[in-house]
Amino acid sequence: MLRYTVRRLGQLVIVVAVLSILLFAWLRSLPGGPVSALLGNRATPESRAALIQQLGLDQPLYVQYWKFLQRAVSGNFGVSTGVQPGTPALEVFLQRMPATLELSALALLLAVAAGIPLGYFAARRRGSWLDNVSITWSLVGVAVPVFFLAFLLKYVFALELGALPVSGRHEAGINATEVTGFYILDGLLTREWDAAWDAFLHLILPAIALSTIPFSVIFRITRAAVLDVTEEDYVRTAHSKGLTERVIRARHILRNALLPVVTIIGLQTGALLSGAVLTEQVFNLPGLGQALSLGFQRQDFAVLQVVIIASAMVYVLVNLIVDLAYAAIDPRLRTR
Amino acid sequence: MALLEVRDLSVSFARKGEPTVTAVDGISFDVQPGRTVGLVGESGCGKSVTSLAIMGLLPRRGTEVSGSVLFEGTDLLGLSQRDIEQRRGRDLGMVFQDPLSSLNPVVPIGLQVAEVIERHRGVPRRAAMSQARELLDRVGIPDPDRRLKEYSHQLSGGMRQRALIAMALACRPRLLIADEPTTALDVTIQAQILDLLTTLVADTGTALIMITHDLGVVAGMCDEVNVLYAGRVVERAERHELFAAPRHPYTAGLMASVPRLDSSGEQRLSPISGSVADNIPWEQGCAFCPRCSNALQLCGQATPEVEHTGDGRLLRCHNPVGEATPISVEGP
Ligand SMILES: Nc1ncnc2c1ncn2[C@@H]1O[C@H](COP(=O)(O)OP(=O)(O)OP(=O)(O)O)[C@@H](O)[C@H]1O
Ligand SMILES: [Mg+2]
């Protein structure tokens with residue numbers, strides 16, 4: 001198990017290394033080269049000269065790459081030119097990460113908490129109204145584009161009914177102390193319950209919008225897996241031993257059915273960021289998704305670099321966790 | 001009183017858009033306490049469906065079960081879901097054909113044994129585990145302490161079947177059903193497993209329904225035999241009498257198709273021609289008629305009734321083997 005983990009962490013290093021080469025090449029292939037890319041078009045000759053010096057652009061390519069790596073490792077990705085001009089790119093990233101993480105975590109939680117139980121019960125009561133309604137909903141869920149659903153939710157529940165906030169992370173003028181940048185957590189830590197509640201209300205609609213696709217996928221995979229497993233010989237053996245429905249469900253059906261579900265949760269987590277780009281736009285959340293789309297619009301390559309590297313690392317890490325969870329459930333992987 | 005009395009058991013499967021399949025068509029047989037009763041017949045004749053019906057393990061959807069299965073006088077078919085659950089594993093145990101797929105791959109062997117004890121004896125996990133250890137030891141699994149924590153993929157085929165036997169016998173049921181328990185195993189292992197079953201049921205006084213298509217298994221361990229054909233019992237006899245003088249042409253054919261060590265080299269095996277797929281339904285005469293070497297004209301027209309031919313023997317045939325003249329039977 002330990003060797004397995006170490007090996008997977010090694011893969012993480014390789015992925016990041018390959019990605020750094022791609023980014024390095026990308027910056028150098030841009031019109032005007034990395035200097036224009038990183039400083040924007042209105043840079044003074046002095047600042048350009050300073051950057052050329054700093055990046056070592058007058059030196060051979062491998063030296064440039066080495067310097068690039070050194071800067072990256074020390075967290076120096078340059079200064080934002082378009083998203084928050086003048087702020088170091090890493091700082092922009094760190095400021096915006098909590099909003100996206102909070103949103104994605106809540107969306108994933110919703111998707112898992114609804115998808116797995118519904119998938120299970122739909123399978124056990126195949127053909128019932130619960131099954132039919134869930135299947136239809138999950139079809140709608142994958143078919144409707146995220147931004148359209150986000151817009152629809154906002155229109156109905158925020159603008160028309162006024163039941164939930166329209167946009168942002170906090171009501172203007174609320175008295176909230178920032179500790180970690182995760183607003184719900186901050187509210188709980190500082191015992192500012194109203195602030196925590198307010199942050200939560202702001203997250204509901206975006207989280208629902210973002211969760212529909214992962215929910216639909218998790219639901220369908222769970223349902224199919226439970227249907228498959230219920231037919232297995234070992235479930236019949238469990239029945240032949242007179243075990244109660246509860247034990248058969250938890251010990252013999254769910255554990256086996258969860259294997260494909262765990263895999264799909266990993267894949268869906270990776271896809272959350274692209275959904276977050278759209279959701280954050282609609283609800284005007286100052287997160288990474290917004291930074292990504294602003295970054296592309298305003299050609300802020302310093303910020304783009306950080307976000308791209310970070311999301312790749314998250315993706316690999318999530319898949320590492322998925323593999324570990326898989327091995328924790330399935331002994332055939334552990335003892336090989 | 002018999003431990004188990006199966007009376008007129010019929011099972012049919014109805015699927016949307018498909019004709020209804022009658023897999024078991026009015027089977028009756030008894031199992032006396034402590035006896036080993038064979039159910040013999042070729043693939044598709046309804047052996048597994050019969051055993052699943054007794055255990056109440058058939059899928060509920062689209063399955064029609066009729067008749068009765070009296071276990072110590074209680075009709076198992078009439079029990080509520082809860083009541084039959086309480087009897088499975090405690091009064092009735094079952095061992096299946098494929099030991100690998102019959103074990104849960106993600107649950108340790110020990111827990112799979114202990115959970116039966118936990119369920120029916122109401123003992124806590126630790127006590128159940130130590131009983132499970134003893135059971136693994138008794139079914140001949142070496143190093144039971146280690147095996148308790150292992151998973152099915154770490155066991156050999158023979159050990160898996162031993163573990164399944166341990167589970168089925170954990171609560172000392174009065175009836176064990178073994179559905180072709182050795183078909184998926186190597187020949188050398190087969191003999192060991194059959195030995196183990198014989199010893200265990202003898203030690204515990206458990207009655208055994210041994211399901212097989214292998215007459216060698218029947219000859220080795222059954223007290224009495226029911227020969228099934230197309231969902232019906234066609235012949236029933238004590239083992240010695242059956243082997244000494246098979247009466248039904250199907251039984252005789254089965255015996256002739258078993259290789260024998262004592263037969264001379266020139267004597268060819270004579271397999272029964274055709275297969276179950278050729279069956280005609282029992283309503284239009286004998287289902288075995290198209291494949292029968294003894295068939296009379298009558299056989300294709302009137303369904304033979306069950307006859308008791310003395311010494312507890314039972315036969316369903318118009319023209320049994322070893323008889324000069326056909327018995328005349330009133331058609332239905
Ligand atoms: N769930 C089911 N739905 C429909 N038909 C079924 C079902 N289970 C069994 N059957 C049919 O019932 C018949 C008897 O099957 P069964 O499994 O009892 O045969 P068997 O005597 O055990 O044969 P084998 O030696 O191959 O195990 C077969 O024709 C089979 O196709
Ligand atoms: Mg069978």
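Letters A, B, ... mirror the listed sequences (proteins, then strands); counts begin at 1.
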Under 4.5 Å to a heavy atom of chain A? For B/R87 that would be neither
- Query: Hey, is CZ on B/R146 packed in by over 12 heavy atoms from elsewhere, all under 6.0 Å?
  - Reply: yes
Of the listed B/R90, B/R61, B/E150, B/R82, the one with the largest count of heavy-atom pairs under 4.5 Å with chain A is B/R61
Q.
Are B/F96 and A/T237 packed together at the side-chain level, in the sense that at least one heavy-atom pair is separated by less than 4.5 angstrom?
A. yes
Under 4.5 Å to a heavy atom of chain A? For B/L100 that would be neither
field: B/H120 side-chain N/O to A/K241 backbone N/O, donor-acceptor pair under 3.5 Å
entry: yes
- Message: Is any side-chain heavy atom of A/Y234 closer than 4.5 Å to one of B/S101?
- Response: no
NE2 (A/H239) and CD (B/E85) are apart, to the nearest 0.5 Å, by 8.0 Å
Looking only at B/M167, B/M55, B/E115, most heavy-atom pairs under 4.5 Å shared with chain A are made by B/E115
Honestly, the part of B/L164 sitting under 4.5 Å from a heavy atom of chain A is side chain
Counting heavy-atom pairs under 4.5 Å with chain B, the top scorer among A/R236, A/E245, A/R255 is A/R236
Point to revise | Steps toward side-chain contact (heavy atoms from CB on, under 4.5 Å) verdict (B/R119, A/T244) | key: CA-CA 8 Å; B/R119 161 78 165 114; A/T244 55; 3.7 Å; yes
Side chain to side chain contact (heavy atoms under 4.5 Å, CB included) test vs A/P331 passes for just one of B/K149, B/H153, B/Q154, namely B/H153
So, the part of A/V229 with a heavy atom under 4.5 Å from chain B: the answer is neither
Test side-chain contact (heavy atoms from CB on, under 4.5 Å) applied to A/R332 and B/V106, step by step:
CA-CA 8 Å; A/R332 285 165 292 192; B/V106 307; 4.3 Å; yes
Here the gap from B/N104 atom CG to A/I248 atom CD1, rounded to the nearest 0.5 Å, amounts to 11.0 Å
*asked:* Regarding A/H252 and B/Q112, do their side chains bring together a donor and an acceptor under 3.5 Å, going by distance alone?
replied: no
The interface call for B/L57 against chain A, heavy-atom contacts under 4.5 Å, is side chain
Chain A shares the most heavy-atom pairs under 4.5 Å, among B/S152, B/P173, B/S102, B/G89, with B/S102
In this structure, CG of B/L52 is separated from OG of A/S240 (nearest 0.5 Å) by 9.5 Å
Discussion item. Does any part of the side chain of A/R251, heavy atoms only, come nearer than 4.5 Å to the side chain of B/L111, both counted from C-beta?
Written reply: yes
